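Notes follow once the structure below has been shown.
Since we're looking at a predicted model, the values are computed, not measured. Letters A, B, ... mirror the listed sequences (proteins, then strands); counts begin at 1. Heavy atoms only: backbone and side chains are in, while hydrogens, waters and symmetry mates are out.
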Amino acid sequence: EAGVAQSPRYKIIEKRQSVAFWCNPISGHATLYWYQQILGQGPKLLIQFQNNGVVDDSQLPKDRFSAERLKGVDSTLKIQPAKLEDSAVYLCASSLGHVLAVGAQYFGPGTRLTVL
Amino acid sequence: TQLLEQSPQFLSIQEGENLTVYCNSSSVFSSLQWYRQEPGEGPVLLVTVVTGGEVKKLKRLTFQFGDARKDSSLHITAAQPGDTGLYLCAGDDTDKLIFGTGTRLQVFP
């Protein structure tokens with residue numbers, strides 16, 4: 001079974017530029033998550049989709065970050081314009097999506113973003 | 001905002017030693033997961049504990065969920081270099097995970 005795919009693996013941009021990340025979850029997984037992980041810390045949830053609807057985006061900086069999951073499969077996360085503090089690893093995860101509890105989440109390898 | 005504090009933050013030990021990592025919160029979670037993350041990779045689920053007081057063993061790893069479901073511990077017996085990584089606990093907050101601050105473990109041969 002193929003895992004969660006993410007691209008690109010690495011991205012270096014200058015501040016105020018824009019960047020986009022792509023994620024393809026495990027086939028059949030209804031729930032998709034985007035996390036931001038600062039070096040050495042635990043992942044912080046940015047946005048959670050259930051199929052193509054947003055379940056939680058309370059920690060997404062909406063003035064510069066946006067995400068979409070068209071057709072309930074692939075997803076893209078965009079930052080525009082980027083700031084120095086956006087330097088982090090952006091992780092995508094997917095899960096089957098349980099009604100009453102969180103099941104196992106399967107993570108992609110992440111995209112390491114460096115903003116200069 | 002619920003917080004999960006892990007201790008220690010860093011741990012550097014020799015092969016063969018035992019260690020314990022703690023995950024503490026003031027909030028109650030319906031379940032708690034432990035993940036290990038290696039450099040350049042995403043976290044990988046190790047175990048899920050659901051019942052207060054539950055103990056689960058995975059080879060040399062022993063996981064315990066506190067009776068009040070606010071804390072958890074991970075004990076590794078006879079650590080090996082392959083155990084090196086970032087260990088993360090994550091609490092189930094109804095429909096999302098709250099990740100802990102992480103414990104970075106380095107096991108030297």
Original post:
For the atom pair CD (Gln41(A)) and CD (Gln9(B)), what is the distance rounded to the nearest 0.5 Å?
Top reply: 8.5 Å
Original post:
Looking at Leu88(B) and Pro43(A), what are the two nearest heavy atoms and their distance?
Top reply: CD1-CD, 3.8 Å
**OP:** Taking atom types as modelled, find out whether Gln37(A) and Gln37(B) have a side-chain donor-acceptor pair closer than 3.5 angstrom.
**Re:** yes
Original post:
Does NZ in Lys44(A) sit with more than 12 non-hydrogen atoms of other residues, nucleotides or ligands closer than 6.0 Å?
Top reply: yes
**OP:** Can you measure from OG (Ser58(A)) to NZ (Lys96(B)) and round to the nearest 0.5 angstrom?
**Re:** 4.5 Å
Subject >> Nearest heavy-atom neighbours spanning Gly42(B) and Leu91(A) >> reply: CA-CD2, 4.0 Å
Original post:
Do the side chains of Phe21(A) and Ile38(A) join up, straight or via other hydrophobic residues, at under 4.5 Å, putting them in one cluster?
Top reply: no
Original post:
Quick one: do Ile13(A) and Trp34(A) end up in the same hydrophobic cluster if we chain Ile, Leu, Val, Met, Phe, Trp and Tyr together by side-chain heavy atoms under 4.5 Å apart?
Top reply: yes
Subject >> Heavy atoms from other residues, nucleotides or ligands near NZ of Lys59(B) exceed 12 (cutoff 6.0 Å) >> reply: no
Original post:
Linking I/L/V/M/F/W/Y whenever their side-chain heavy atoms sit closer than 4.5 Å, directly or via other members, would Leu77(A) and Tyr106(A) fall into one cluster?
Top reply: no
Subject >> Region of Val89(A) that comes under 4.5 Å of a non-hydrogen atom in chain B >> reply: neither
Subject >> Arg112(A), part contacting chain B, at a heavy-atom distance under 4.5 Å >> reply: neither
Original post:
Using non-hydrogen atoms only, which part of Tyr35(B) is less than 4.5 Å away from chain A: side chain, backbone, both, or neither?
Top reply: side chain
**OP:** Identify the two heavy atoms, one from Ala104(A) and one from Leu45(B), that lie closest to each other, and give their separation to 0.1 Å.
**Re:** CB-CD2, 3.3 Å
Subject >> Hphob cluster co-occupancy, Phe29(B) + Tyr22(B), side-chain heavy atoms under 4.5 angstrom >> reply: no
Subject >> More than 12 heavy atoms from other groups under 6.0 Å of CG on Leu84(A) >> reply: yes
